[in-house]
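Given the structure is predicted, the values throughout are model-derived calculations rather than measurements. The sequence lines fix the lettering, A, B, ..., with proteins before strands; numbering per chain opens at 1.
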Amino acid sequence: MKIVKLKKDNLFPFLEAIKGDAELWAPVKKDDAKHTFQPVDDFSQIDLDYTRTILPPRKILLPAKFNMYQASKSEFTSDFSHISKKIIFGIHPCDIHAFLTMDKFYSYEIEDPYWLEARKNLVLLGHSCWPDENCMCKSTNTHVVEEGYDLFFTDLEDTYVVWIGSSRGDDLIREKPELFEEDLTDTDIQKFIQRRENRDKAFTTEINFAAMPDLMELKYNDALWEKLGDACLACGSCTNVCPTCNCYNVEDRPVLGKDFSNIQRCWDACTLENYSGVAGGENFREKRADRLKLWYTHKLQSYISKYGKPACVGCGRCVATCPVDINVKTVAQSLDGNEVDSFWDRLSKEVTK
Amino acid sequence: MSKNNDKKLKIGIYELTGCAGDGLLILDCEMELVDIFQAADIQSFLMAKSDNIDGELDIALVEGSVSTEREIEELKDIRKRAQVVVAFGLCATHGGIQARFSEEEWQKNLKEVYGDIEMSHTKAVHSKPIDEYIDVDLYLPGCPVSKDQFLNFLVRALGGSPPEVYPNPVCVTCKYNENDCLLLKGIPCLGPLTADGCGAICPNHNVPCYGCWGPAEGANFTSEFYLLQEKGFDMEAIKKRMANYSGTKLQEFFEKFKKESQ
Ligand code: SF4
Ligand code: SF4
Ligand code: SF4
Ligand code: SF4
C-alpha cells in the first residue's frame with residue numbers, strides 16, 4: 001500500500017485531470033442540511049462536509065428505474081445503455097463496505113451483469129468522515145476501509161493523506177504526479193493517528209451486533225414485532241435508503257405504435273405491502289409486522305451466517321429516514337432489552353391505554 | 001378511419017360529474033394522439049369529437065362521480081354496452097372531493113346552495129364513486145390520472161393485458177427523487193397514505209402531499225393519525241386533510257376511529 005500527500009488546493013486540478021470523459025459524482029448539498037450524490041461538472045458544487053446522503057450511492061450503478069431489455073415476439077436485446085464511465089468522489093467507509101457487500105451478493109451463485117458491468121466502469125475515491133449520533137459503523141466494523149477503493153482521501157486540515165488502494169488508483173496519481181508529495185513528515189503521521197483516535201472516540205452509538213443473530217432467533221415471536229407493525233407506515237423508505245438493499249421488480253412496458261416492449265427493472269422494497277403479493281391476489285406477508293421481521297432478519301441475522309458479517313453497514317440512513325422511529329438503532333436496542341424512546345413505543349402505549 | 005375498424009378495440013370515454021381533467025389529459029397526450037386514434041376505435045369521446053356512437057364497446061373509460069339521477073341511468077347503460085368498465089380518475093374510483101361529505105352534511109350543503117328550487121331535468125343525489133352503482137372491472141386513480149398510467153393502460157389493453165397499477169405509496173417515488181422528508185420536519189404530508197403515480201409532484205416542490213390519488217392499498221391511517229397528533233395537529237384538522245380526496249372510502253375508518261378515540 002502506498003501513501004501520498006495532496007495539498008487541498010490541488011484537489012480540483014487533480015479531479016479535472018482524471019475526469020476525462022467520465023461522469024464525476026460527488027456529494028452536493030440539497031436544501032436545508034441534506035446531501036445527495038449528483039453528477040458535477042462545476043466542482044465548486046461539491047460539499048464534502050456531510051455525514052450521509054439521502055439515497056446511498058448504489059443509485060449511481062443501478063438507478064431506481066432502467067431498461068434491462070427490449071423484447072419483441074422473436075428476440076430480446078440487452079440494454080446496457082445507462083452504464084458509462086463513472087467516478088464517485090467523496091464516498092464514506094460505510095458506503096464502500098456496502099459496495100463490497102453488494103459485490104459478493106451480486107456474484108454469489110448467479111451473477112448480475114448490470115451491477116458487475118457498472119462496477120467495472122467505476123472509479124471509487126473515498127473520503128474521511130466524522131460520525132454523528134446515528135452512525136453505527138464502528139459497531140459493524142465498517143468505519144475503516146482496507147479494500148474496495150481506488151484512492152482514499154483523509155482530511156488533515158490543509159492537506160489530504162491519500163491511500164492508494166488499487167493499481168488503477170496508482171495510475172490515477174500518475175496522471176498528475178507533480179500535484180502530490182511522496183514523503184509524509186512525522187507531523188503528518190502524528191496528525192493522522194490523532195485524527196483516527198479522536199474519531200474513534202466521537203462515536204456515541206454502540207450496538208451489540210454480535211448478539212443480534214441469537215436475539216433475533218430468541219425474540220422471533222416477541223410482542224415487539226406487533227408494536228413495530230402497528231406503527232409502520234409501510235412507506236418503504238427504510239428499504240429504499242439502505243445501501244445494502246437490492247430487491248427489484250421487473251415490469252413490461254409495451255411501447256405504443258411499436259411491436260416491442262421495454263423490460264424495466266425498478267427498485268422494490270420488502271416493507272411495501274405489494275412486495276409479497278403473487279398472482280391470484282394472495283399475499284405472503286400481508287402483515288406489516290411480518291414484513292419488518294423479514295427486513296430485520298436480513299439486516300441483523302441471515303447475512304452473518306452466509307457472508308460472515310451483518311448486512312447492515314451502520315450508515316444510519318434508516319435512523320435518519322423512518323418517520324415513526326423504526327430503525328436498526330431502536331430495534332437492536334429493544335431486542336437487547338432496552339426501553340427506547342420512540343414513536344412506535346409511545347403509540348403502543350397510546351393504543352392500549 | 002380505416003375500414004378494418006371492426007378489428008380494433010372499441011373504446012368509449014364518458015364524463016360524469018368532475019372537472020373533466022382526465023379526459024383533458026388524454027387530449028394532452030399530443031405526441032401520442034395520432035397513434036391512439038389509429039390503434040383504437042374511439043366510438044365516443046364528447047370532448048374530442050362530434051360523431052359519437054352509443055353502441056357496444058370493448059372498453060368504457062368512465063370519469064367523474066355519480067351526482068344526479070340521470071347519471072345513474074347513463075352509467076347503467078354504459079355498463080350494459082361495455083365488456084370492461086374502467087373507473088377513470090379519482091372521482092370515478094373514490095368519489096372525489098364532492099364525495100367527502102356524509103349524507104347528512106351533503107343534504108345540508110344542497111339546501112344551502114340551491115334552497116328549495118325544483119330541478120326540472122334531473123335530481124341531485126349524494127356524490128358517490130361509480131362502483132356504488134355498477135360492477136367495475138379496473139381502477140385507474142389519480143387527480144388527474146397520469147399520462148404514463150393512461151398510456152401504459154392503453155397499450156397493454158391493446159395487447160390484451162390488464163393494466164399495471166401503481167401499488168405503492170407516494171413516499172416511494174418521493175425517496176427516489178431524494179426529497180428531504182416533510183413529515184420528518186413536522187409538516188403533515190399524506191405521502192405514506194396516498195397511492196403513487198403522480199411522481200410525488202408536491203413533495204418535489206416542498207409542498208406536502210394532499211392525497212389527491214386517493215388512499216394507497218394497506219395505508220396505515222391510524223399510525224399517521226397519532227403521529228400528526230403528536231406533532232401538534234388537532235384531530236379535526238387531520239381528519240379534514242385525510243378526508244379531502246378519499247371520498248366515501250374513508251368514512252368507515254373515521255366511524256371506527258371516532259368510537260375508539262371516545
Ligand atoms: S440497516 Fe440502516 S444503518 Fe444499516 S446499512 Fe441499512 S440503512 Fe444503514
Ligand atoms: S419501518 Fe419506517 S421507513 Fe420503513 S416502511 Fe415502516 S414506516 Fe416506512
Ligand atoms: S415528504 Fe411525504 S411523500 Fe415524501 S417521504 Fe416524506 S412523507 Fe413520504
Ligand atoms: S397531492 Fe399527493 S398524490 Fe396528489 S399530486 Fe400531490 S403528491 Fe401527488
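Contact of B:N179 with chain A is made through backbone and side chain together, with heavy-atom distances under 4.5 Å. With a 4.5 angstrom heavy-atom cutoff, B:D180 touches chain A via backbone and side-chain atoms both. Both the backbone and the side chain of B:I36 come within contact range of chain A, judged by heavy atoms closer than 4.5 Å. Only the side chain of B:L184 comes within contact range of chain A, with heavy atoms under 4.5 Å apart. The parts of A:E251 that come within reach of chain B are both its backbone and its side chain, each placing non-hydrogen atoms under 4.5 angstrom from that chain. Looking at A:V255, the atoms closer than 4.5 Å to chain B (heavy atoms on both sides) all sit in the backbone: N, CA, C or O. Heavy atoms closer than 4.5 Å to chain B are found in the backbone of A:A320, but not in its side chain. Contact of A:T321 with chain B is made through backbone and side chain together, with heavy-atom distances under 4.5 Å. Of the atoms belonging to B:E230, it is side-chain heavy atoms, and not backbone ones, that fall under 4.5 Å from chain A. In this structure, chain B has a heavy atom under 4.5 Å from the side chain of A:L272, while its backbone stays farther away. B:E224 touches chain A through backbone and side chain together, each having a heavy atom under 4.5 Å away.
The neighbour count for A:K287 NZ, taken as heavy atoms of other residues, nucleotides or ligands under 6.0 Å away, does not exceed 12. Atom CG of B:L46 sits in a sparse spot, with 12 or fewer heavy atoms from other residues, nucleotides or ligands closer than 6.0 Å. In B:D135, the CG atom is not crowded: 12 or fewer heavy atoms of neighbouring residues, nucleotides or ligands sit closer than 6.0 Å. Annotation: B:D28, atom CG; neighbour count of heavy atoms from other residues, nucleotides and ligands within 6.0 Å is above 12. Shown here is B:K185, whose NZ atom has more than 12 heavy atoms of other residues, nucleotides or ligands within 6.0 Å. In this structure, A:D41 places its CG atom where only 12 or fewer heavy-atom neighbours from other residues, nucleotides or ligands lie under 6.0 Å away.
To the nearest 0.5 angstrom, B:T222 atom OG1 is 11.5 Å from A:E350 atom CD. Atom-to-atom distance recorded for A:L233:CG and B:C171:SG is 7.5 Å, nearest 0.5 angstrom. Atom CG of residue A:D252 and atom OG of residue B:S161 lie 7.5 Å apart, to the nearest 0.5 angstrom. With rounding to the nearest 0.5 angstrom, the CG atom of A:N274 is 11.5 Å from the CG atom of B:D196.
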Start with the C-alpha gap between B:L158 and A:L256, add the side-chain angles, then the distance that decides, and say whether side chain to side chain contact (heavy atoms under 4.5 Å, CB included) holds. CA-CA 9 Å; B:L158 294 171; A:L256 186 65; 4.0 Å; yes

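Of the charged side-chain nitrogens involved, at least one lies within less than 4.0 Å of a carboxylate oxygen, so that B:E178 and A:K59 count as a salt-bridged pair. A salt bridge between B:D148 and A:R253 is present, with a side-chain N of the basic residue lying under 4.0 Å from a carboxylate O of the acidic one.
Taking both residues in full, the closest heavy atoms of A:P254 and B:V155 are given as O-CG2, 3.6 Å, listed atom of the first, atom of the second, then distance. Nearest heavy-atom pair, B:G218 versus A:R288, reported as atom, atom and distance to 0.1 Å: O-NH1, 4.0 Å. Heavy-atom minimum distance, B:L183 versus A:P323: CD2-CB, 3.9 Å. The two residues A:V241 and B:K175 come nearest to each other via the heavy atoms CG1-CD, 3.4 Å. In plain terms, the two heavy atoms of B:N220 and A:D230 that are nearest each other are ND2-O, 2.9 Å. Minimum interatomic distance between A:A231 and B:S223 (heavy atoms only, all atoms of both residues): O-OG, 2.7 Å.
Here the side chain of B:Y176 pairs a donor or acceptor atom with the backbone of A:W267 at under 3.5 angstrom.
Per-residue heavy-atom pair counts under 4.5 Å with chain B were compared for A:K34, A:K65, A:E286, and the maximum is reached by A:K34. Contacts with chain A were tallied for B:D35, B:N152, B:L193, B:N206; B:N152 has the most, counting heavy-atom pairs under 4.5 Å. Note: A:S237 leads A:G236, A:A234, A:S237 in heavy-atom pairs under 4.5 Å with chain B.
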